[in-house]
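Written out below as structure tokens is the structure these notes cover.
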Amino acid sequence: MTAEYIKSVVKTVPDYPKPGILFRDVTSVLEDHKAFSSCISLLVEKYQGMGFTKIAGTEARGFLFGAPLAIEMGIGFVPVRKPNKLPREVVSESYELEYGMDTLEIHKDAIELGDKVLLIDDLLATGGTIAASAKLIRSLGGEINHAGFVINLPDLGGKQKLSALDIESYSICEFEGE
Ligand SMILES: O=P(O)(O)OC[C@H]1O[C@H](OP(=O)(O)OP(=O)(O)O)[C@H](O)[C@@H]1O
Ligand SMILES: Nc1ncnc2[nH]cnc12
């Protein structure tokens, strides 16, 4: 019931940001307290007690779900950011998106050897964002085996891409037929 409710709240915008893309707009979930708080509760239920030491969230929409989840789970939050935003020394990784290319960066000293990191984002499409984030975190000695999302677009193959990298993904709802 809750996941169905969250799915019903997501608004769809055709042809944004490019013709042919069906944009699943998670800001409509943020605007609805019941939907937003239910997302965090479902993610806590899924991941509490699994021994995670940090949550990493990708700019920008991953911050919106990753940061409140980190507070609820009593662990730190590490932002994975777009280029030239982080002030300390970083490592960088470029990747392909459903609608373009981008680069992500993380502070070198944000991850300690053996940290068990949970990756959180609003939406899984091709999996490029999470694959690049996992590569950065693993290069710093962190372990990544799980990634959590509000929305999955299964036709874009992200789940399979992440599974091939030994990352198990979970999403609250799915939109097929992209
Ligand atoms: O699975 P993928 O194909 O990588 O796509 C999913 C990513 O795309 C969106 O972010 P976007 O880069 O558009 O940035 P934003 O969060 O700043 O809007 C979304 O928030 C995910 O991070
Ligand atoms: N179809 C889509 N809707 C919303 N965010 C996205 N990020 C990548 N693909 C997306």
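Whatever order the structure lists them in is the order used to number ligands and atoms, beginning at 1. Position 1 is the first residue of the sequence; numbering continues from there.
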So does Arg81 pair up with Glu59, basic N to acidic O under 4.0 Å?
yes
Tested for side-chain contact (heavy atoms from CB on, under 4.5 Å) against Ile144, the lone hit among Asp115, Ile167, Leu165 is Ile167
Partner of Phe149 under side-chain contact (heavy atoms from CB on, under 4.5 Å), picked from Ile172, Val26, Ile130, Leu119, is Ile130
Nearest heavy atom to atom 8 (O) of ligand 1, choosing from Val26, Leu97, Thr126, belongs to Leu97
Of Ala60, Gly158, Ala131, Gly57, the residue with the heavy atom nearest atom 17 (O) of ligand 1 is Ala60
Sub-4.0 Å heavy-atom contact, Lys82 with ligand 1: yes
Against ligand 1, does Gly127 come closer than 4.0 Å with any heavy atom? yes
Any heavy atom of Arg61 under 4.0 Å from ligand 2? The part involved is side chain
Problem - Any Ile106 side-chain heavy atom under 4.5 Å of Val91 side chain - result: yes
Give the atom numbers and elements of ligand 2 that come within less than 4.0 Å of a heavy atom of [X].
| X | answer |
| --- | --- |
| Leu153 | 1 (N), 2 (C) |
| Leu22 | 1 (N), 2 (C), 3 (N) |
| Ala125 | 8 (C), 9 (N) |

For Asp122, the atoms of ligand 1 under 4.0 Å from one of its heavy atoms are 19 (C), 20 (O), 21 (C)
If we number the atoms of ligand 1 from 1 as shown, the ones under 4.0 Å from a heavy atom of Gly128 are 1 (O), 2 (P), 4 (O)
Minimal heavy-atom distance between Asn145 and Arg138, with the atoms involved, is ND2-NH2, 4.3 Å
Checklist line | Side-chain donor-acceptor contact under 3.5 Å, Tyr5 with Asp32 | finding: yes
request  = For ligand 1, find out whether one of its N or O atoms is nearer than 3.5 Å to an N or O atom of Leu123.
outcome  = no
shortest atom 13 (O) of ligand 1-to-protein heavy-atom contact is with Tyr99 OH, 2.5 Å
### Message
Heavy-atom count check: over 12 atoms from other residues, nucleotides or ligands less than 6.0 Å from Lys135 NZ?
### Response
no
